[in-house]
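Inspection log for the structure reproduced underneath, given as structure tokens.
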Amino acid sequence: MRRYIFEYVAERTRGGEVVHRPIVHLHVRSGGGEWYLFYPYVDSGADISLLTRSDCGLLGLKLREGAYRPVLGIGRIEIPAYVYEVPVRIGDEEFQVRIAFADSNEVPRVLGRSEIFRRFRITFDEVDLKTVFEVMP
């Protein structure tokens with residue numbers, strides 16, 4: 001079984017505490033065929049993956065031409081977002097996923113469950129601070 005291992009990222013909270021968060025190396029292909037690398041948090045509580053308004057522009061997409069779908073954040077705050085189906089790559093695995101692009105740059109990038117968690121067995125290794133993606137047969 002093919003496996004891809006990603007180190008957690010260390011970040012400082014507003015209170016100054018260092019926390020380690022699970023991320024993935026997510027390549028997303030633009031409309032022009034270029035691949036761009038993002039480092040979203042792996043979020044088992046998110047239904048759909050989320051990137052920012054700037055990311056949408058970088059990929060050559062027009063934000064409001066996507067399918068409108070507001071997403072609910074923590075505290076049930078609604079964030080306007082627009083969904084596109086785009087080619088992505090994790091490791092050597094290339095496939096299409098729906099990604100919501102927030103109408104904001106003040107949101108974290110997250111990799112949600114939809115179309116991702118069915119393809120991989122994902123392990124959050126809190127001891128060694130790694131996220132392991134194993135390709136499902």
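Residue numbers run from 1 in the order of the sequence given. If you're wondering where the values come from, they're calculated on a predicted model, not measured in any experiment.
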| message | Any heavy-atom pair between the side chains of Leu61 and Val86 that's under 4.5 Å? | response | yes
| query | Shared ILVMFWY cluster between Val97 and Tyr41, side chains joined below 4.5 angstrom? | reply | no
| request: Indicate, with yes or no, if Phe6 and Leu111 share a hydrophobic cluster defined by side-chain heavy-atom contacts under 4.5 Å among Ile, Leu, Val, Met, Phe, Trp and Tyr. | output: yes
| said: Looking only at the side chains, is there a donor atom on one of Glu65 and Tyr84 sitting less than 3.5 Å from an acceptor on the other? | reply: no
| query | More than 12 non-hydrogen atoms from neighbouring residues, nucleotides or ligands closer than 6.0 Å to CD on Glu78, yes or no? | reply | yes
| query | Is Arg119 close to Phe133 at the side-chain level, that is, under 4.5 Å between some pair of heavy atoms? | reply | no
| field | Interatomic spacing from CD in Glu85 to CZ in Arg98 - rounded to 0.5 Å | value | 8.0 Å
| request: Look at the aromatic rings of Phe120 and Phe95 and report parallel, tilted or perpendicular, splitting at 30° and 60°. | output: tilted
| remark: Output for pair (Ile116 CD1, Ile99 CD1), nearest 0.5 Å, gives 7.5 Å
| request: Would you please indicate yes or no on a ring centroid separation below 6.0 angstrom for His25 and Tyr39? | output: yes
| query | Do Phe117 and Val42 come close enough that some side-chain heavy atom pair is under 4.5 Å? | reply | yes
| query | Any idea which heavy atoms bring Ile48 and Ser114 closest together, and the distance? | reply | CA-CB, 4.3 Å
| query | Val127: what forms a side-chain contact (heavy atoms from CB on, under 4.5 Å) with it, not counting sequence neighbours? | reply | Asp125
| said: So, taking the atom named CG in Leu58 and the one named CZ in Phe101, what distance separates them when rounded to the nearest 0.5 Å? | reply: 9.5 Å
| said: Are Pro80 and Tyr68 packed together at the side-chain level, in the sense that at least one heavy-atom pair is separated by less than 4.5 angstrom? | reply: yes
| field | Within residues 87-97 or reaching into it, pairs that qualify as salt bridge (charged side-chain N to carboxylate O under 4.0 Å, His left out) - sequence neighbours excluded | value | Arg2-Glu93, Arg29-Glu94
| message | If you apply the rule side-chain contact (heavy atoms from CB on, under 4.5 Å), what do you find for Val88 with Glu115, and how did you get there? | response | CA-CA 11 Å; Val88 301; Glu115 296 133 358; over 6 Å; no
| field | Shared hydrophobic cluster, Ile23 / Leu51 (ILVMFWY, side-chain heavy atoms < 4.5 Å) | value | no
| Which heavy-atom pair separates Ala81 from Ala100 by the least distance, and what is that distance? | CB-CB, 4.1 Å
| remark: Here the salt bridge (charged side-chain N to carboxylate O under 4.0 Å, His left out) pairs for residues 37-63, sequence neighbours left out, are Asp47-Arg113, Arg53-Asp103, Asp55-Arg109
| message | For a 4.5 angstrom cut-off between non-hydrogen side-chain atoms, does Arg3 reach Glu134? | response | yes
| Can you check whether Gly112's main-chain N or O pairs, donor with acceptor, with Ser49's side chain at less than 3.5 Å? | yes
| Is there a path from Val24 to Tyr4 through hydrophobic residues (I, L, V, M, F, W, Y) whose side chains come within less than 4.5 Å of each other? | yes
| Shortest non-hydrogen contact from Arg118 toward Met136 | O-CG, 3.7 Å
| Should Ile122 and Val9 be regarded as members of a common hydrophobic cluster, given that ILVMFWY residues are connected when their side-chain heavy atoms come within less than 4.5 Å of each other, either directly or indirectly? | no
| task | Side-chain contact test, heavy atoms from C-beta onward, threshold under 4.5 Å: evaluate it for Ile90 versus Leu26 and give yes or no. | result | yes
| field | Val71 side chain near Val107 side chain, heavy-atom distance below 4.5 Å | value | no
| task | Identify the heavy atoms of Glu126 and Leu129 that sit nearest to each other, and give their distance. | result | O-CD2, 3.5 Å
